[in-house]
Number of protein chains: 4
Amino acid sequence: MLRFALIGAGRIGRLHADNVNANPAARLVSVYDINPAAATEVASKHGAKVALTVDAALGDPEVDAVLIASSTDTHVDLITRAAKAGKAVLCEKPIDLSIEQVERCRQEIADCRVPVQIGFNRRWDPSHRAVAEAVHKGEIGALEQVIITSRDPGMPPVNYLKGSGGIFRDMMIHDFDLARYVLGEEPVEVTASGSGLVDPEIVTIGDIDSAMVIMKTASGKLCHINNSRRAIYGYDQRVEAFGSGGMVISNNRTATTVERFHLTATHVREPLLNFFIDRYSEAYRHQINAFIDAVNAGRPPTPGFEDGRRALLLADAALASLNTGRTVKVGS
Amino acid sequence: MLRFALIGAGRIGRLHADNVNANPAARLVSVYDINPAAATEVASKHGAKVALTVDAALGDPEVDAVLIASSTDTHVDLITRAAKAGKAVLCEKPIDLSIEQVERCRQEIADCRVPVQIGFNRRWDPSHRAVAEAVHKGEIGALEQVIITSRDPGMPPVNYLKGSGGIFRDMMIHDFDLARYVLGEEPVEVTASGSGLVDPEIVTIGDIDSAMVIMKTASGKLCHINNSRRAIYGYDQRVEAFGSGGMVISNNRTATTVERFHLTATHVREPLLNFFIDRYSEAYRHQINAFIDAVNAGRPPTPGFEDGRRALLLADAALASLNTGRTVKVGS
Amino acid sequence: MLRFALIGAGRIGRLHADNVNANPAARLVSVYDINPAAATEVASKHGAKVALTVDAALGDPEVDAVLIASSTDTHVDLITRAAKAGKAVLCEKPIDLSIEQVERCRQEIADCRVPVQIGFNRRWDPSHRAVAEAVHKGEIGALEQVIITSRDPGMPPVNYLKGSGGIFRDMMIHDFDLARYVLGEEPVEVTASGSGLVDPEIVTIGDIDSAMVIMKTASGKLCHINNSRRAIYGYDQRVEAFGSGGMVISNNRTATTVERFHLTATHVREPLLNFFIDRYSEAYRHQINAFIDAVNAGRPPTPGFEDGRRALLLADAALASLNTGRTVKVGS
Amino acid sequence: MLRFALIGAGRIGRLHADNVNANPAARLVSVYDINPAAATEVASKHGAKVALTVDAALGDPEVDAVLIASSTDTHVDLITRAAKAGKAVLCEKPIDLSIEQVERCRQEIADCRVPVQIGFNRRWDPSHRAVAEAVHKGEIGALEQVIITSRDPGMPPVNYLKGSGGIFRDMMIHDFDLARYVLGEEPVEVTASGSGLVDPEIVTIGDIDSAMVIMKTASGKLCHINNSRRAIYGYDQRVEAFGSGGMVISNNRTATTVERFHLTATHVREPLLNFFIDRYSEAYRHQINAFIDAVNAGRPPTPGFEDGRRALLLADAALASLNTGRTVKVGS
């Protein structure tokens, strides 16, 4: 039985709480939020206690694992403190927006030897995962190209995006992780291009809302990622892997399998699932379950801290490429 | 808060118990099973009490509604007793295999005025339901034809089917209900044909495993249903509605959206969902929620007792048609 | 080189003329039409001569084969005369609307031993044909069920349909032939139902515009056919074969592969091909080529006269079933 | 009536000859090939004369238009001479592998004022064209991203590719043209990456077989193209356009619409059309028809000489980017 403390009782924290308690091998025992009312609501729903401070949660001997679902700027501090308290950690992505911070955290927790998993939920989507597994099993022979299309249903206000770290660190970071997962090999070169097309005001804050990237691995595998902050037909999330033996694609999802045939159009289906929590509901569930299984079994959970760091290195390289108009080598 | 007693703690009863407790407006308070250990297991999982007898469950003033998930031959007795005890009833399909029994039950509970819902889960499948709603809203103009394909993934042993009531009462009864729901009008004529093709031994018990039916309503709408006891590619469940203004189809489901492209074949997808509890997991959930909503709101739940009776009349008419080689008028 | 006379230079005759001359092993040499101007137009386009009478065409020693594309009521007479003149015959469907006429023709040409093919073009559609071939090769194990959906894009005026022979002989005859082809076995029982839904006035001429049929073969295979005289989304032509080893489906066709994704709908495709000559353009071409190949090789072409007769027997049985409300045994 | 001389009677020349003569407003009157037997074969099939020299063909007053289907290195010379002879020109792509040669040709024919069309056949594919037209009509609002996937079914021997000009000028040139057509705006920046993955020997001749490109227009629209010299599942040709109002995709084609459902897989379709002449048969036909219509109507045909030049500029920019690891500005 893995006993969790949840830190951060917002929308995503509440979802994680439900998923923890749906797993018979885990239990939510403690909830902390800077807003005690939010913590109380989640705690009472699940029969957990409210932790009045982070230290109370982290120091609790009845807590085995900490689920960090608070704001990004708290992640590094919380990972460090939880690791030092000897707790297993499942932390929402990204680790941090600054690679220096991430490196520092890495060094600080190096000796703690606690299991750390980063919440790159898309790896756990059954369809994306089936693509990666088909690749890794050699179903499409030698992998040659990966193409990831990733478009959010709607763009947040430009003002809100100011603190986001930019499209590469905030949004494409998911796709960098997914690309690494499918590729099974590190990208060594990144080239990026982008524009402010959805809301041209985005460029006033030094960001873009439409982006295209090409990456290349040491063995020459190619990967393209495209992002848009707004797809009016829904949350567009596709992964394509192409190799010497074929191709495998993870397509989009709609809520039903209904097709309509009218005078002017046929095969009409409803819009794609629009909300990330609907689109990736299975992924969030599998993610928690995988963490619980790994920790209970004494295996390192995945994707781990290093995966979070690598994704950020790719995001930084993409930004450097965008700014310089050059293909950028990825640091290590 | 609607408080449930569950009668029958087998596979489907346990699923219902989970769904009851996932609804914040309901709670499982009592469980009865002829096997007390089964009752105890479900009760303890959900913090409910074990009822040692049916009467204990039905006489419990803390019970508002009874969920009947025991074997078919107990349904009429339990519906009658629950109704007389003033409890709302959600009973698994079918009400009974004998129309005389159903008529008798109808008369016995006529004055009880309790809400009764029959567990025709397919009406609650989001895709099938979207077809029915499109029809009822006039999206395809005047409805003219309905085609239901319904094939089980695998055939039970012939011996097991002896007590099933035959393919029309045991299997196609679901499709008769769905047909009535989509048609929005009673079929008045039924014609049936069938064979023992999956396991020819089926004919030795006076049954068939492959069946085709045509029905016609008073206004001339046509409906075809086909059944097979075995589809090796999975649980094949499709509904097509055709009218003056177009067509709408509920297609099959696979676990992922993955497509594969090989040397010899493309657009390859995995097998259809194979297990009725996976295929109709959403339907089971929506079914319970709809019952809870209706009873809590004082509305009659649907599909009701009369729907259960009507479906059985169609099954009996199909059997009569098969036996006589004639189109059979449906009783009322 | 197979030299053709064309009898009937209307729309379908002109299409056949193009297809004959596109085959390097054949040549159109003569054209007859009751309207000499129509014959002249086709003849001059293809460098053929105009035959002033049917006898001139049939008596021409430079003619090896006769392509009969004139009105249905002339088919029996022309087949008989062409056969007696020793010409190979490719005649548009149906042979005749009267089974007695067909029987008489059969006897009259029995000794002529000329190759006769009936223009059931759908057998030659690449997708429908692939279904039949998959079945015949055992790809889906033992065949158990066939489902044919066949809906015309638009209904002709009721007045025009007066001379059509009714929906079973005029329209479903195509599907009866296709069913026999896919089944690989004769249906022995036919049950039919139908209504006047598209244009209720159809019943005033003793016909229907919406029909459903079930057929059964001696070995118990089941086949369902549904017809409508009007599908506003286009020409709906599907064939499904289901067996112990799987299912194979011939789906509909659109002019392009384009999919559109909008705010309110996704996977939107254009209407189905609407015009039978577009939908079955490949079928018409393959049909002529198959006839040319067979005759040039001395093989009997297929589908032959007996196929035309059998399809009419099924149509007559369906009509008898509709009129009597009984399952009808098929004559032989 | 537009009278054509065909120069080059190879595979693609013969296809063009068929398409010319299938158009009632055009006629093939003359054929030249360096191999007189090849010219004779095509000429005799179509009732045209054999031209013994290019000059004979170009000087023939009965010739209105010249269809250049000879090898790439003859294009510039033949375009120039045909234009000076006052003939309309339809020339296979590319104009030349050298931009200097193309510029020289442009100047030489500048005063000839003859209609010139370049054989970028993909613009004429009904599905790709429907995408472009949807974009140009504003169906997807403001265009933001274009994604072109273009993979050949099989790779020619590396030795053969030596004279090809490299993947960008030989293969992706088609996609550059298609991109320009869909974008409706000139790309101003090109970034390329690539590898030798299909046959690593390709790098020994300074070429690659797998390529990814990103382009950007002045207004910020983004375009990604990926190429592979080998897709074992067939000729993979897709175009996706994404904008503020939605998305439109041109998908791949298979020969039939058949779907198969087996024990281990469903929705199985046959391989994609494999041969460019099958895949683009309609495109080749529409291309010739459009040329004939334009010239007969006195309108400039499209895509014209400038389109051929622009595509080559993009190919050269891609190559420069690949060689320098920089985003390259496109010349004008």
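Chain letters run A, B, ... following the sequence lines, proteins first and then strands; every chain starts at 1.
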Exercise for the section: Can you establish whether the number of heavy atoms outside C/Arg3 located under 6.0 Å from its atom CZ is more than 12? Expected result: yes

Exercise for the section: With chain C as the partner chain, list the residues of residues 233-258 of chain D whose heavy atoms fall under 4.5 Å from it, by residue number, and write 'none' if nothing qualifies. Expected result: D/Gly245, D/Gly246, D/Met247, D/Val248, D/Ile249, D/Ser250, D/Asn251, D/Asn252, D/Arg253, D/Thr256, D/Thr257, D/Val258

Problem - Interface residues of residues 260-287 of chain C facing chain D - heavy atom cut-off under 4.5 Å - result: C/Arg260, C/Phe261, C/His262

Handout entry: Set of side chain to side chain contact (heavy atoms under 4.5 Å, CB included) partners for D/Lys216, sequence neighbours left out
Key = A/Ser193, A/Ser195, D/Glu189, D/Leu222

Handout entry: Counterpart residues, side-chain hydrogen bond (donor to acceptor under 3.5 Å, both in side chains), relative to C/Ser228 (two or more places apart)
Key = none

